[in-house]
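One structure is given here, and the rest of the page talks about it.
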Amino acid sequence: MDARYNPEGVEERWQQTWETEGLYNAEPDASRESYVYAFPPPNVTGELHMGHALQVSLGDLVMRLKRMQGFNVLFQTGYDHAGISTQAAVEKQLEREGTSRKELGREAFEARVWDWLREYGGKIMFQFRRLGASMDYRRERFTMDAGYVRAVMRFFVHLYRKGWIYRANRIINWCPFHETSLSDLELVHVDVDDALTTIRYPLADGSGHIAIATVRPATIPADVAVAVHPEDGRYRDLVGKEAIVPFTERRVPIIADERVEPEFGTGALKITPGHDPVDFEIGRDHGLPEPMVIGPDGRMNDAIPELAGLSQDEASERVLAWCRERDLIEKRESYRHSVALCERCESRIEPLISLQWWCAMDELKRPAITALRERRVAYHPESQHRFAIDSLENAPDWCISRQLWWGHQLPIWTDADGETYCAETEDEARELAGGKELKRDEDVLDTWFSSALWPFATLGWPDETEDLKSFYPGDLQTTAREIIRLWENRMILSGLELLGDVPFTDVIIHSTVLAPDGRRMSKSLGTGIDPLDVVAEYGADATRYGLLKMSSTQDVRFSHGFIEEGRKLANKLWNVARLILTNAGDAKPALEPRDLEERWILARLDATRAQLEEHWDLFEFAAGANALYHLTFDDFCDWYAEAIKPRLQDPTDRAVRATALAALERLLALLHPVMPHVTEEIWSQLPDRQSRLIVAPWPEPDERFSADVQALDRVQEAAALFRRSGVTAKLDGDERRIFEAVVRPSRVKADGDAGAEIERLRKEIARAEGMLGNERFVERAPADVVEAEREKLARYRRELEALTG
RNA sequence: GGGCGUGUAGCUCAGCGGGAGAGCGCCCGCUUCACACGCGGGAGGUCACUGGUUCGAUCCCAGUCACGCCCACCA
């Protein structure tokens, strides 16, 4: 028999078995408490990355634990239509085919996206299964399936009727490539080197000029004012006068506004409400006009005939040339600043004024803030909880319309007179309109608008389904830090608004897995590592274990070392199980502990169970994985299995074999949430199986053995002493027998150095005596600390005596 | 500019008020009948720096230096 555990085939077999036997299935059940986790639906365009695999590892751990603990578990799965990302991916494909979405037209384009989804949609579910995610795959949902669309429409109409949805002409982030608006949260910022040009604007009364600095001379023709800080002594006399904008030679007012930073540039700011967010605000407050010179394609529009159709760079050159001829350029210097890019295509964002739909947040977010303050939802760790509250408190109104073709089209219709109607369906809208001919708004909703409904739209809302009654509110959510504002907070507020309760009670913010070199894992940088490659090499169990060990700090570099550790653990477990099973003979698992090492391992198993519950209740996954590693290697294999081995091979000693089987059962149960496949595989070979391990009960606390946790301390001390010094301590009975079985002098070359050990002990004794001789330590340190120090001193003295005879 | 976080063994990371830890790597000894993906032993750390609190600080507090992430309207 191969001495190595090979997860290949074993894992896939169990994944299939669990699913076909319906063990992942969740059904409403009033008699049991439910535990619900709606896994964040990945973008349908993508494949799972390491972050998803980490999320599956810790989420599935919790689900398997809760399932064993008797909860009615629902692990919801599905994927997201991911508006802009999907549209971008399909557009790229069209580009390769030499066509474009505009050439195809909207209907044909949407059909292409659906084709695309059919081709790639199953991949994500395959990856979930391969990681061992115990999701109810029958319940797979898509954020644009028919039922989901109804939920999204209902939510929109609900908000509309509350008066929280409105249309406004405001400055927004515009992606000139996708030709759509974007929320602030869909941008990335990068530092770029630009030229900062200082240009003199002549004063209208001929008394001089005022200099302003700009990185975008192309926007000068859209200037409507020059602003200075009200306290700025240099310009106080100019406020109220007029300046002449270069190139267009229009007269504009010089105004005072506190938002101008006197320290920057010349302290004077040109106001371009059409193309800058700050200027827009200032312009609105001062009642200024809002001309625009840049169009939706990012090129100059025809507002200024001489510049029409030019790129911004070309337009800048024209404007600068005009200024140069008139000696209006004071200086030009290089300047590094941060600019906003579209996170999908990295085009430079154009701030433009545009008519968009907005969702007012003030009323909507209030109950969510209260729920977070009252900890009806808790983010872990605590620092992220505070961040979540801050983010909600500062959440501005939400621009929810996008000028895309892929997504949930807004349920807004307009009649010939421009009157708008909001209803869930076109029929209802027509009824509202008294049968008039209607045209539907072409915009679609921000993809996060539908994501916000995930915890209950997946349960059948807006219908009052049995699922909803049984499984709402849910329990768990997990996410990366940057998603808190986009998604978790919005799920909380939508749940409170529509169902009157929070959708979950705990949100785990997990670490980001970085590439081994510390950079972000990214396909374009070539630093990505595909979780399925890791699974293929090490197995899903080892991968899950390794990722759990990487889940505990903010950012972790991906390290194969942790996965290796997982593979070693699976292998060790497999082999010790082989030892017990091949010697089991006719024994059946039964708790019949007689001897020291048997009571001891049962106590250790129970102590570890308690430790695991403690760690996992606090979502400390790495610590739990660590405890399992040492339980298996140190306690179970190195001590317990070695101690019973001589008797295990004795066919007449049925009790020791029965207890070994029972101890192995418990070990498997504790390991199952982390390593489901190898544990189920071994479990299936135990005699007298009643059920699958996945639905076996989690071990109950067992008082009988708790006193025996330290039972082997003396033997372990004796072993350490022997290995270091070659001296055998005096032991009797069970202790002597275990010592000989485990330490087996024949296996250990007793080349220890008694002299070095004596020296070490003398040093320790001197240290302990020093501490206990310090009156202030004895008086002020906690009693148990002092007592522990006394015990140590006594032990060192005993050991020294044993060595020196 | 604001917020969060990190600096511990060659590497990746635990620990976080009372004797410096794990895995990998390295050195030495073992084919031993569950496992060489193993067993036993070992080398290797002024726990970033400076102050403070404490009987006692890697751990708590303040500051410094480095690094990372998120957010932000200095044109």
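Numbered from 1 within each chain, the chains take letters A, B, ... in sequence-line order. Atoms considered below: every heavy atom in the structure, side chains included; atoms not considered: hydrogens, waters and symmetry mates.
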Could you check which nucleotide pairs with C37(B) in any of the strands shown, counting Watson-Crick or G-U wobble with both distances under 3.5 Å? none
So, is K792(A) close to the G18(B) phosphate, meaning a side-chain N or O under 4.0 Å from OP1 or OP2? no
Pairing nucleotide - G44(B), Watson-Crick or G-U, each distance under 3.5 Å: none
What is the separation between atom CG on L648(A) and atom P on C35(B), rounded to the nearest whole Å? 14 Å
Counting the atoms with a prime plus P, OP1 and OP2 as sugar-phosphate, which does E281(A) contact under 4.0 Å by heavy atoms, base, sugar-phosphate, or nothing? nothing
Between E290(A) and R170(A), is a salt bridge (Lys or Arg N to Asp or Glu O under 4.0 Å) present by the stated rule, with each step listed? CA-CA 10 Å; E290(A) 297 168 351; R170(A) 283 192 193 159; over 6 Å; no
Ranking A75(B), C35(B), G23(B) by distance to the side chain of K568(A), first place goes to G23(B)
Taking only side-chain nitrogens and oxygens of K572(A), does any of them come within less than 4.0 Å of OP1 or OP2 of A34(B)? no
From C35(B), G23(B), G18(B), nucleotide with atom closest to M771(A) side chain: G18(B)
Who pairs with U50(B) - Watson-Crick or G-U, where each distance is under 3.5 Å: A62(B)
Please measure how far the P atom in U31(B) lies from the corresponding atom in C47(B), and state the result in whole Å. 41 Å
Classify the nucleic acid contact of N774(A) as base, sugar-phosphate or nothing, counting any heavy atom under 4.0 Å across all strands shown. sugar-phosphate
Tell me whether the NZ or CZ atom of R490(A) lies within the 45° cone about the ring axis of W398(A) and under 6.0 Å from its centre. yes
Taking any heavy-atom pair under 4.0 Å as a contact, classify E764(A): base, sugar-phosphate, or nothing. base
L514(A) CG to U6(B) P: how many Å, rounded? 15 Å
Of the nucleotides C71(B), A75(B), A34(B), which has the atom closest to the R485(A) side chain? C71(B)
Euclidean distance for P, G40(B) against G25(B) (whole angstrom): 16 Å
Using a cut-off of 4.0 Å on non-hydrogen atoms, how would the nucleic acid contact of R567(A) be classed: base, sugar-phosphate, or nothing? base
Rounding to an integer number of angstrom, what distance separates U53(B) and C11(B) when you compare their P atoms? 35 Å
Pick base, sugar-phosphate or nothing for V215(A), based on heavy-atom distances below 4.0 Å to the nucleic acid. sugar-phosphate
Residue E642(A), side-chain atoms from C-beta onward, closest of C70(B), A34(B), G18(B): A34(B)
Can you see whether T197(A) engages R332(A) through a side-chain donor-acceptor pair at a distance of less than 3.5 angstrom? yes
So, is Q384(A) near the phosphate of G5(B), with a side-chain N or O under 4.0 Å from OP1 or OP2? no
Inter-nucleotide C1' distance (G23(B), C59(B)), Å rounded: 23 Å
Take atom CD of E789(A) and atom P of G17(B), then tell me their distance rounded to the nearest Å. 18 Å
In whole Å, what separates the P atom of C16(B) from that of A48(B)? 16 Å
Could you please name the option among C39(B), C69(B), A75(B) that lies closest to any side-chain atom of D555(A)? C69(B)
Taking atom P in both C69(B) and U64(B), compute the distance separating them and give it to the nearest angstrom. 22 Å
Taking only the side-chain heavy atoms of V278(A) (C-beta and beyond), determine which of C73(B), A75(B), G23(B) contains the nearest atom. C73(B)
May I have the distance from N571(A) (atom CG) to C24(B) (atom C1'), rounded to whole angstrom? 16 Å
Using a 4.0 Å heavy-atom cut-off across all strands, classify Y629(A) as base, sugar-phosphate, or nothing. sugar-phosphate
Distance-only side-chain donor-acceptor flag, T219(A) / K270(A), under 3.5 Å: yes
Salt-bridge test for E799(A) and R795(A): reply yes if a basic N is under 4.0 Å from a carboxylate O, no otherwise. yes
Presence of R481(A) side-chain N/O under 4.0 Å of C70(B) phosphate oxygens OP1/OP2: no
Starting at the 5' end of RNA chain B and moving along, which residue's nearest nucleotide shows up first, V778(A) or E482(A)? V778(A)
Short side-chain donor-acceptor distance under 3.5 Å, Y629(A) and D634(A): no
Can you tell me which nucleotide in A34(B), G18(B), A75(B) comes closest to the side chain of V260(A)? A75(B)
Using atom C1' of each nucleotide, how far apart are C27(B) and A43(B) to the nearest Å? 7 Å
Using purine N1 to pyrimidine N3 plus N6-O4 or O6-N4 for Watson-Crick, or N1-O2 and O6-N3 for G-U wobble, each under 3.5 Å, what pairs with U32(B)? none
Mind checking R795(A) for me? I need base, sugar-phosphate or nothing, with any heavy atom below 4.0 Å counting as a touch. base
Can you tell me if S511(A) and D555(A) form a side-chain donor-acceptor pair at under 3.5 Å? no
Give none if A22(B) has no partner; otherwise give the nucleotide forming a Watson-Crick or G-U wobble pair with it, both distances under 3.5 Å. U12(B)
Indicate, with a heavy-atom threshold strictly under 4.0 Å, whether D390(A) touches base, sugar-phosphate, or nothing. nothing
Side chains of R481(A) and Q384(A), donor plus acceptor under 3.5 Å: no
In whole Å, what separates the P atom of C60(B) from that of A66(B)? 22 Å
Counting heavy atoms from C-beta on, name the nucleotide in C39(B), C37(B), A75(B) closest to the side chain of F633(A). C39(B)
Pairing partner (Watson-Crick or G-U wobble, both distances under 3.5 angstrom) of G68(B): C4(B)
Can you measure M550(A) atom CE to C11(B) atom P for me and round it to whole angstrom units? 18 Å
With a non-hydrogen cut-off below 4.0 angstrom, is P516(A) in contact with a base, only sugar-phosphate, or nothing? nothing
Side chain of H630(A) (C-beta onward), nearest among A34(B), G18(B), A22(B): A22(B)
Looking at E764(A) and R767(A), is there a salt bridge between them, counting it only when a charged N and a carboxylate O are closer than 4.0 Å? yes
Name the closest nucleotide to the R578(A) side chain, picking from G18(B), C35(B), G40(B). C35(B)
